[in-house]
Amino acid sequence: MLQKLVFTLLAVVVVWVAFKYWDRMLRQRPGDRPLPRRSAAARRRRPAPREGAVFETEQCPVCGSYVAASGAAHCGRPDCPYGG
């Protein structure tokens, strides 16, 4: 009975590791280097947001697209209210 339980657990672990390997190979593009192994602490850490990466937007009254509230560029439409 104990042998069957150990064999079943071993089979589950082998299949799980094989699926992890297969998934990693599918995600990897040809020519890419293998993914580096990261520690558990590194996986939990999240990068800090970049300074100035977030800006306010407003909806264009003509086309309805969202553009930067300050410094919006002309989109090329003849009736564009931004830029010239």
Side-chain angles (χ1 to χ4, degrees):
M1 177 70 173
L2 183 61
Q3 292 173 342
K4 289 182 182 180
L5 181 63
V6 170
F7 177 76
T8 303
L9 289 175
L10 183 63
V12 168
V13 168
V14 167
V15 169
W16 180 67
V17 169
F19 273 114
K20 279 182 58 175
Y21 176 78
W22 181 256
D23 184 50
R24 180 175 278 186
M25 291 299 115
L26 288 179
R27 289 178 188 223
Q28 197 172 23
R29 294 181 299 223
D32 284 351
R33 295 187 342 211
L35 298 173
R37 298 211 32 115
R38 298 181 353 190
S39 68
R43 286 191 299 266
R44 284 191 298 269
R45 241 180 288 140
R46 299 208 172 154
R50 294 185 330 213
E51 188 76 31
V54 179
F55 53 90
E56 294 292 321
T57 60
E58 62 184 21
Q59 191 171 14
C60 175
V62 176
C63 65
S65 296
Y66 283 90
V67 297
S70 62
H74 185 61
C75 67
R77 292 174 55 128
D79 55 349
C80 180
Y82 302 105

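Just so it is clear, the structure is predicted and the values come from calculations on it, not from any experiment.
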Practice task
State the CE-CG distance between Met25 and Asp23, to the nearest 0.5 angstrom.
Solution key: 10.0 Å
Practice task
Answer yes or no on whether Lys20 is positioned over the face of Trp16, meaning its NZ or CZ is under 6.0 Å from the six-membered ring centre and within 45° of the axis.
Solution key: yes
Handout entry: Side-chain donor or acceptor of Gln59 paired with backbone N/O of Ser65 under 3.5 Å
Key = no
Problem - Validation row: Pro81, Val62 side chains within 4.5 angstrom (heavy atoms) - result: yes
